[in-house]
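Read through the structure below, which is laid out as C-alpha cells, and then see the notes.
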Amino acid sequence: MCGRYTLYSDKKTIEKTFKAPFRDDFYQPRYNIAPGSVNPVVLMGKAREVGIAGLRWGLVPSWADDENVGYKMINARSETIDKKPSFSKPFQRKRCIIPANGFYEWKTLTSGKKLPFYIRLLDDELLGFAGLFDHWKPPSGEDLFTYTIITTEANALLLPDRPDVDHARIRQCEQGRE
DNA sequence: CCAGACGTTGTT
DNA sequence: GTCTGG
DNA sequence: CCAGACGTTGTT
DNA sequence: GTCTGG
C-alpha cells in the first residue's frame with residue numbers, strides 16, 4: 001500500500017512530465033506527504049482540460065456526512081475498486097494521477113518495531129500513482145476535493161522477502177542496535 | 001502511514 | 001486500545 | 001424489507 | 001448514493 005510519499009521535483013518539471021499546468025500557485029516540494037494534506041493531483045476540469053490542482057489525500061465520498069471518513073480512505077484496492085460503495089462512482093468518472101518522486105513502506109520486524117523503506121526510481125524521476133477523486137459539499141463552507149491512491153498486489157521487485165535486501169541491517173534493527 | 005492524544009467546567 | 005491530526 | 005456501513009494492511 | 005447483513 002502507500003501511506004506516505006514525497007514530491008519535490010520543481011514545478012516546471014512536474015508540468016512538463018504530466019503535460020498539464022498547475023491551476024493555482026500552491027506548490028511546494030515536500031519530503032513527507034501524509035494523509036490529510038493537500039497535494040498536487042492531475043485531473044480533468046469542467047472545461048475538459050487537464051490541469052494540476054491541490055486535493056486533500058483521503059477520499060471523502062460525495063454522500064458522506066462526516067469528512068473524517070477520508071482518513072481511512074487513503075488507498076483503494078484495484079481488485080475491488082468497482083464494487084466498493086466509496087469508490088465505484090469515482091471509478092467511473094473521477095480518475096486522476098498523483099505525481100510523486102518516491103514513497104514509503106514499513107516492514108514490521110519480529111521485535112514489533114517498524115523499519116521504513118523508501119522506494120523510488122533509480123534516477124529519482126517522477127512517477128504517477130493511479131488514483132480517484134471525489135467532490136464533497138459540506139453543510140457550510142467550501143467544497144472539498146479529495147483523492148485516494150490505488151494499490152495492487154506487490155510485484156517481485158517489492159515482495160518483502162527478496163534475497164537481495166539487506167538482512168544484516170534488518171537483524172541489527174531487530175536487536176535494537178539501529 | 002505514524003505520532004500523539006485520549007476530558008470537562010469554568011476562569012483568565 | 002483506539003481515535004485524531006498531520 | 002430496513003438499518004447501518006461505506007477502507008486497507010497485515011497479523012492472529 | 002449504494003451495498004451488506006440481519
Side-chain angles (χ1 to χ4, degrees), chain A residues 1-8 26-41 53-121 124 126-162 165 167 169-171 173-174 176 178:
Chain A
M1 76 184 289
C2 179
R4 295 254 173 172
Y5 66 96
T6 67
L7 178 62
Y8 53 79
F26 65 94
Y27 177 68
Q28 63 180 64
R30 302 185 56 199
Y31 293 86
N32 189 3
I33 294 175
S37 59
V38 174
N39 308 293
V41 173
L55 276 66
R56 183 194 292 179
W57 187 10
L59 188 145
V60 179
S62 58
W63 41 260
D65 46 29
D66 174 12
E67 67 179 273
N68 285 334
V69 299
Y71 281 105
K72 50 182 178 180
M73 306 285 187
I74 64 173
N75 292 127
R77 295 189 61 200
S78 60
E79 292 83 355
T80 55
I81 202 166
D82 60 334
K83 299 177 185 63
K84 298 292 183 179
S86 297
F87 304 135
S88 59
K89 281 296 177 185
F91 180 67
Q92 294 174 33
R93 298 190 57 80
K94 290 185 166 60
R95 303 182 182 187
C96 61
I97 295 172
I98 298 99
N101 289 99
F103 62 101
Y104 292 95
E105 293 289 349
W106 283 262
K107 181 180 177 65
T108 303
L109 307 176
T110 51
S111 63
K113 288 183 179 179
K114 291 190 173 182
L115 177 63
F117 287 81
Y118 183 59
I119 296 147
R120 60 181 178 85
L121 298 180
D124 278 333
L126 279 163
L127 53 93
F129 299 130
L132 304 177
F133 68 97
D134 209 343
H135 177 195
W136 186 71
K137 292 176 186 292
S140 65
E142 293 198 352
D143 288 10
L144 180 66
F145 286 85
T146 58
Y147 69 95
T148 188
I149 293 172
I150 299 174
T151 62
T152 189
E153 201 168 310
N155 62 23
L157 197 61
L158 290 181
L159 281 176
D161 293 315
R162 284 163 57 84
V165 301
H167 288 288
R169 179 168 171 238
I170 292 176
R171 276 194 299 276
C173 291
E174 288 185 323
E178 188 175 319

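Below, read A as the first sequence line, B as the second, and so on, with proteins coming before strands; counting in each chain starts at 1. Every value quoted in this text rests on a predicted model; they were computed, and no experiment measured them.
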*Roughly, in whole Å, what's the span from CZ in A:Arg4 to P in C:dG6?*
12 Å

*For DNA chain D, note the earliest and the latest nucleotide, 5' to 3', having some atom under 4.0 Å of a heavy atom belonging to chain A.*
D:dC6 to D:dT11

_Exercise: identify the closest heavy-atom pair between A:Tyr147 and A:Leu55_ = CE2-O, 3.3 Å

*Say you pick atom C1' in D:dA3 and the same atom in B:dG7; how far apart are they, in whole Å?*
32 Å

*Base, sugar-phosphate alone, or nothing: which one does A:Ser37 contact when heavy atoms must sit under 4.0 Å apart?*
nothing

*Using the P atom on both, measure C:dT2 against B:dT9 and round to a whole Å.*
26 Å

*Looking only at heavy atoms, what is the nearest atom pair of A:Leu115 and A:Phe117, with distance?*
O-CD1, 3.5 Å

_Quick check: do A:Phe91 and A:Ser86 have side-chain heavy atoms less than 4.5 Å from each other?_
no

*Could you check which residues of residues 132-141 of chain A get a heavy atom under 4.0 Å from DNA chain D? Sort them by number, please.*
none

_Counting the atoms with a prime plus P, OP1 and OP2 as sugar-phosphate, which does A:Thr151 contact under 4.0 Å by heavy atoms, base, sugar-phosphate, or nothing?_
sugar-phosphate

_Integer-rounded Å distance: E:dG1 P and A:Asp65 CG_ = 13 Å

*Taking all non-hydrogen atoms of both residues into account, name the closest pair between A:Pro85 and A:Ser88 and its distance.*
O-OG, 4.0 Å

_Once you apply a heavy-atom cut-off of 4.0 Å, does A:Phe87 come out as touching a base, just sugar-phosphate, or nothing?_
sugar-phosphate

*Would you indicate what A:Ala76 reaches in the nucleic acid, counting non-hydrogen atoms under 4.0 angstrom: base, sugar-phosphate, or nothing?*
sugar-phosphate

_Pairwise P distance for D:dT11 and B:dC1, with rounding to whole Å_ = 11 Å

*Atom CG of A:Asn68 and atom CG of A:Asp66: how far apart are they, to the nearest 0.5 Å?*
4.5 Å

*Sticking with atom P, work out how far D:dA5 lies from C:dC3, rounded to a whole angstrom.*
13 Å

*Check A:Ala53 against A:Phe26 and note the closest heavy-atom contact, atom names and distance.*
C-CZ, 3.5 Å

*Nearest-Å distance, NZ (A:Lys89) to C1' (E:dC3)?*
13 Å

_Sole residue of A:Leu7, A:Asn39, A:Thr6 in side chain to side chain contact (heavy atoms under 4.5 Å, CB included) with A:Arg30_ = A:Asn39

*For atom P, what is the distance between D:dC2 and B:dT8, given to the nearest Å?*
36 Å

Side-chain donor-acceptor contacts of residues 96-103 of chain A below 3.5 Å, not counting sequence neighbours, with atom names and distances?
from, atom 1, to, atom 2, distance (Å)
A:Asn101, OD1, A:Tyr8, N, 2.7
A:Asn101, OD1, A:Ser9, N, 3.2
A:Asn101, ND2, A:Ser9, OG, 2.9
A:Asn101, ND2, A:Asp124, O, 3.3

*Is there a side-chain contact between A:Val60 and A:Met73 (heavy atoms, below 4.5 Å)?*
no

Got a list of side-chain donor-acceptor pairs under 3.5 Å for residues 75-84 of chain A, not counting sequence neighbours?
from, atom 1, to, atom 2, distance (Å)
A:Asn75, ND2, A:Cys2, O, 3.2
A:Asn75, ND2, A:Ile149, O, 3.3
A:Ser78, OG, A:Thr151, O, 3.1

Donor-acceptor pairs are to be reported for all side-chain atoms of residues 131-143 of chain A against protein atoms at under 3.5 Å, with residues two or more places apart or in another chain.
from, atom 1, to, atom 2, distance (Å)
A:Asp134, OD2, A:Ser62, N, 3.2
A:His135, NE2, A:Asp143, OD2, 2.7
A:Trp136, NE1, A:Ala64, O, 2.8
A:Lys137, NZ, A:Asp143, OD2, 3.3

*Is A:Ile74 touching bases, backbone alone, or none of the nucleic acid, heavy atoms closer than 4.0 Å?*
base

*Side-chain contact, heavy-atom cut-off 4.5 Å: A:Trp57 with A:Tyr5?*
yes

_For DNA chain D, the dot-bracket pattern of Watson-Crick and G-U pairs whose distances stay under 3.5 Å, | for other-strand partners_ = ||||||......

*Value in whole Å for how far the P atom of C:dC3 lies from CG of A:Asn68*: 12 Å

*Given atom NZ of A:Lys83 and atom P of E:dG1, what is their separation to the nearest angstrom?*
23 Å

